[in-house]
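Sequence lines set the chain letters: A, B, ... in the order given, protein chains first and strands last, and positions in each chain run from 1.
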Amino acid sequence: MERILAKDVKNHVGEEIKLQGWVFQIRPVGKIKFLILRDRTGVVQTIILNKEIDISNVERESVVTIYGKPKLEKQAPGGVEVEVLKVELMEKAATPLPFEVNRASDLLNIKIDTLLDHRPFSLRNPEISSIFRVQAEIVRAYAEFLRNDGFLQVHTSKIISAGTEGGTNLFPIQYFEQTAYLAQSPQFYKQMLVGAGYERIFEIGFVYRAEDHATSRHINEYLSLDFEMGFIESEQDVINEEIRLLKYVFTCLKENCSEELKLHGVELQDIDTIPQLKLGEAIKVLKDKYNKTMETENDLDPEGERLICEYSKKEFNSDFVYITYYPASGRPFYTMPDGTGLTRGFDLLYKGLEVTTGSQRINNYDMLVDNMRKFGLKPENFEFYLEIFKYGMPPHGGLAIGTERLTQQILSLKNVREASLFPRDRFRLTP
RNA sequence: GGGCUCGUAGUGUAGCUUGGUUUAACACGUCGCCCUGUCACGGCGAAGAUCACCAGUUCAAAUCUGGCCGAGCCCGCCA
């Protein structure tokens with residue numbers, strides 16, 4: 001007998017069907033019992049009227065097969081329920097459960113650490129599992145948009161000989177007789193592949209940051225959405241590409257994840273255009289409007305980012321805001337200078353958090369080598385990267401989006417680790 | 001690397017300031033009984049905690065002190 005999924009039960013009213021899944025909830029009411037069954041498509045209410053049917057050995061979260069007849073019933077959630085004919089216990093769940101996984105999150109009331117300690121179990125909670133359905137859709141839409149726009153998807157090595165931004169923040173690994181490092185970014189490879197002639201490439205891959213911090217917005221391994229494009233006029237081409245990309249991602253989310261967004265109480269704002277502020281302007285806004293003085297002219301601090309987003313929301317009705325024209329001293333060596341000490345680098349802030357960094361890159365070999373030296377790097381260590389620049393590198397630029405951060409901000413999650421299936425943070429290596 | 005905070009039944013919290021009527025309380029969950037329309041079901045009852053760990057102060061420590069382990073958040077830095 002073919003298995004019917006929870007979401008399809010309504011199409012089988014009057015038939016005898018087989019359901020399989022986990023017992024989400026059992027509610028005995030006198031002589032009858034309601035058993036809520038969950039499978040990958042959602043939950044369905046079943047009702048046990050026949051008192052011959054014994055489910056006393058069935059625990060919540062046990063795996064069961066239920067034979068029954070769907071019927072229309074206006075008192076049932078969704079207007080349909082399944083009258084149970086037979087229950088087969090396939091695998092019994094131990095008791096007590098680690099926590100009450102069937103609650104809505106405001107009632108679940110659980111610390112992030114407990115949730116992560118029992119990660120596969122916690123994912124049985126519909127609200128928690130929906131985070132990763134949303135994330136999957138973000139990544140899918142990202143790839144689809146770029147593919148349709150002439151970008152080639154590539155996969156580059158995460159084992160590298162040297163960092164893109166100097167030696168700090170890298171995890172060393174033993175690679176036979178050499179020391180290698182986990183890649184903190186696919187930056188060099190992206191650029192090399194633009195120069196290789198693909199012109200437009202994107203990559204979806206984990207990157208690694210050995211940063212010794214413990215905050216709600218940092219993890220040490222995150223999924224980076226990178227793209228790089230050749231033959232641009234300026235960083236504005238990269239920004240425009242991202243705006244169109246984000247519009248597409250949001251459209252897809254609304255179309256394909258409406259249930260998931262509703263579960264999180266999220267109403268996605270339509271993206272029209274995204275305002276831009278030069279870093280200098282942003283710092284001035286902080287001073288004039290919020291009486292906040294930045295200690296450095298290089299970047300905004302987290303409070304500054306939150307305030308600028310507040311400002312952007314008030315002034316431009318946008319959850320997003322680009323910060324542009326960062327000083328060269330605060331950006332990586334490959335960032336294109338604008339000739340006045342500033343660069344063609346930018347960040348994208350979303351609801352108070354940095355989710356993207358990008359720039360136009362330096363495409364002239366001599367300029368790049370020169371800049372490398374200025375940053376205290378030895379060009380001879382980067383021959384593998386620099387070679388293609390000798391043989392004709394077009395003007396190009398690109399960016400990287402932090403997938404977990406974007407997911408976190410879209411769903412207004414408190415901690416970025418909620419948006420990672422198996423997060424690696426300062427202390428956590430398991431599960 | 002710097003700073004702040006927290007470890008109490010399976011889960012989430014109260015109690016700690018001012019040590020002693022606390023037999024460590026409450027909610028959810030678990031177990032038992034009752035209930036034919038629940039949907040955070042309801043009612044009655046029960047079990048479940050060497051108060052993270054180690055040492056000290058004291059007649060007496062969940063409570064005070066020191067150490068140790070673990071965790072959360074903020075800053076620097078970053079997506």
Novice: If you count every heavy atom of other residues, nucleotides or ligands that lies below 6.0 Å from A:Lys262 atom NZ, does the total exceed 12?
Specialist: no

Novice: For A:Ile47, report the nucleic acid contact type (base, sugar-phosphate, nothing); a contact means any heavy atom under 4.0 Å.
Specialist: base

Novice: Return the nearest nucleotide to the side chain of A:Ile110; candidates are B:U38, B:U11, B:C78.
Specialist: B:U11

Novice: Please determine, for the side chain of A:Glu81, which listed nucleotide (B:C73, B:G37, B:G76) has the closest atom?
Specialist: B:G37

Novice: Given B:A79, B:U11, B:G72, identify the nucleotide with an atom nearest to the side chain of A:Asp425.
Specialist: B:G72

Novice: At less than 4.0 Å, is any side-chain N or O atom of A:Arg27 found next to OP1 or OP2 of B:U36? Yes or no.
Specialist: no

Novice: Evaluate the side-chain hydrogen bond (donor to acceptor under 3.5 Å, both in side chains) criterion for residues A:Thr65 and A:Gln20: first the C-alpha distance (whole Å), next the side-chain angles of each, then the deciding distance (0.1 Å), finally the verdict.
Specialist: CA-CA 4 Å; A:Thr65 300; A:Gln20 291 184 313; 3.0 Å; yes

Novice: How would you label the contact of A:Thr114 with the nucleic acid (heavy atoms, under 4.0 Å): base, sugar-phosphate, or nothing?
Specialist: sugar-phosphate

Novice: Is the shortest side-chain N/O distance from A:Arg417 to OP1 or OP2 of B:G72 below 4.0 Å?
Specialist: yes

Novice: Looking only at the side chain of A:Gln45 (C-beta and beyond, no hydrogens), which of the listed nucleotides B:C39, B:U11, B:G72 gets closest?
Specialist: B:C39

Novice: A:Pro98 near the nucleic acid: base, sugar-phosphate alone, or nothing, with a heavy-atom cut-off under 4.0 Å?
Specialist: sugar-phosphate

Novice: When all nucleic acid strands are considered with a 4.0 Å heavy-atom cut-off, which category describes A:Ile219: base, sugar-phosphate, or nothing?
Specialist: base

Novice: Stacking here means centres under 5.5 Å and planes under 30°; does A:Phe34 stack on B:U38?
Specialist: yes

Novice: Should A:Thr403 be listed as having a side-chain N or O under 4.0 Å from OP1 or OP2 of B:A79?
Specialist: no

Novice: For A:Asn57 and B:G32, give me the distance from atom CG to atom P, rounded to whole Å.
Specialist: 11 Å

Novice: Rounding to an integer number of Å, can you tell me how far A:Lys414 NZ sits from B:C74 P?
Specialist: 12 Å

Novice: If I pick the P atom on B:U22 and the same atom on B:G72, what distance separates them, to the nearest angstrom?
Specialist: 36 Å

Novice: Contact class for A:Val355 (heavy atom, under 4.0 Å): base, sugar-phosphate, or nothing?
Specialist: sugar-phosphate

Novice: Would the A:Tyr385 and A:Tyr189 ring centres measure less than 6.0 Å apart?
Specialist: no

Novice: Taking only the side-chain nitrogens and oxygens of A:Lys111, find out if one of them lies under 4.0 Å from OP1 or OP2 of B:G72.
Specialist: no

Novice: Side chain of A:Leu49, heavy atoms from C-beta onward: which of B:G12, B:G72, B:U36 has the nearest atom to it?
Specialist: B:U36

Novice: Is any side-chain N or O of A:Arg405 under 3.5 Å from a base N or O of B:C78, one able to act as donor and the other as acceptor?
Specialist: yes

Novice: Could you tell me how far apart A:Asn220 (CG) and B:A79 (C1') are, to the nearest whole angstrom?
Specialist: 12 Å

Novice: Do the side-chain N and O atoms of A:Ser130 and A:His264 include a donor-acceptor pair separated by under 3.5 angstrom?
Specialist: yes

Novice: Rounded to whole angstroms, how far apart are CD on A:Gln135 and P on B:A79?
Specialist: 18 Å

Novice: Between B:G72, B:C78, B:C35, which nucleotide gets closest to the side-chain atoms of A:Pro28?
Specialist: B:C35

Novice: Which nucleotide, B:G76, B:U11, B:C31, lies nearest any side-chain atom of A:Glu59?
Specialist: B:C31

Novice: What's the closest nucleotide to the side chain of A:His218 if the choices are B:A79, B:G72, B:U38?
Specialist: B:A79

Novice: Can you figure out which of B:C78, B:C73, B:G76 approaches the side chain of A:Ser216 most closely?
Specialist: B:C73

Novice: Sticking with atom P, work out how far B:U11 lies from B:C33, rounded to a whole angstrom.
Specialist: 27 Å

Novice: Just to confirm, is there a sub-4.0 Å distance from OP1 or OP2 of B:A79 to any side-chain nitrogen or oxygen of A:Thr357?
Specialist: yes

Novice: Check this one for me: any side-chain N or O of A:Gln184 less than 4.0 Å away from OP1 or OP2 of B:C78?
Specialist: no

Novice: Within this structure, what is the CD1-to-P distance between A:Ile26 and B:A40, rounded to whole angstrom?
Specialist: 17 Å

Novice: Please name the residue in the list A:Lys351, A:Lys313, A:Gln409 that meets the side-chain hydrogen bond (donor to acceptor under 3.5 Å, both in side chains) test with A:Asp319.
Specialist: A:Lys313

Novice: In whole Å, measure the gap between the P atoms of B:A27 and B:G19 for me.
Specialist: 29 Å

Novice: Dump the intermediate steps for side-chain hydrogen bond (donor to acceptor under 3.5 Å, both in side chains) on A:His218 and A:Glu211, then the final yes or no.
Specialist: CA-CA 9 Å; A:His218 285 102; A:Glu211 288 155 4; 4.6 Å; no

Novice: With a 4.0 Å cut-off on heavy atoms, is A:Arg306 in touch with a base, just the backbone sugar-phosphate, or nothing at all?
Specialist: sugar-phosphate

Novice: Taking any heavy-atom pair under 4.0 Å as a contact, classify A:Asp347: base, sugar-phosphate, or nothing.
Specialist: nothing

Novice: How about A:Tyr142 and A:Tyr248: are their ring centroids closer than 6.0 Å?
Specialist: no

Novice: Distance check needed: B:C41 P versus A:Leu35 CG, whole Å only.
Specialist: 13 Å

Novice: Within the structure shown, what part of the strands sits under 4.0 Å from A:Ile401 by heavy-atom distance: base, sugar-phosphate, or nothing?
Specialist: nothing

Novice: Just checking, A:Arg331 and A:Tyr326: is the charged tip under 6.0 Å from the six-membered ring centre and within 45° of the axis?
Specialist: yes

Novice: Over all strands shown, is A:Arg60 touching base, sugar-phosphate only, or nothing at heavy-atom distances under 4.0 angstrom?
Specialist: sugar-phosphate

Novice: Within the structure, does a side-chain N or O atom of A:Arg103 lie under 4.0 Å from either OP1 or OP2 of B:G29?
Specialist: yes

Novice: When the P atoms of B:C4 and B:A46 are compared, how many Å lie between them, rounded to an integer?
Specialist: 46 Å

Novice: Looking only at atom C1', what distance separates B:G56 and B:G15, rounded to whole Å?
Specialist: 24 Å

Novice: If you check the A:Pro302 side chain, which of B:G10, B:A79, B:G76 turns out closest?
Specialist: B:G76

Novice: Does any residue of residues 262-292 of chain A have a heavy atom under 4.0 Å from RNA chain B, and if so, which ones, in number order?
Specialist: none

Novice: Could you walk me through whether A:Gln184 and A:Asn169 pass side-chain hydrogen bond (donor to acceptor under 3.5 Å, both in side chains), step by step?
Specialist: CA-CA 8 Å; A:Gln184 66 189 169; A:Asn169 299 340; over 6 Å; no

Novice: Do A:Lys18 and A:Tyr67 form a cation-pi contact, if we require the NZ or CZ to be under 6.0 Å from the six-membered ring centre and within 45 degrees of the ring's axis?
Specialist: no

Novice: Round to the nearest Å and state the distance from A:His213 atom NE2 to B:A71 atom P.
Specialist: 15 Å

Novice: In whole angstrom, give the distance that lies between atom CG of A:Asp113 and atom C1' of B:G12.
Specialist: 14 Å

Novice: Between A:Phe227 and A:Phe151, is the gap from one ring center to the other below 6.0 Å?
Specialist: yes

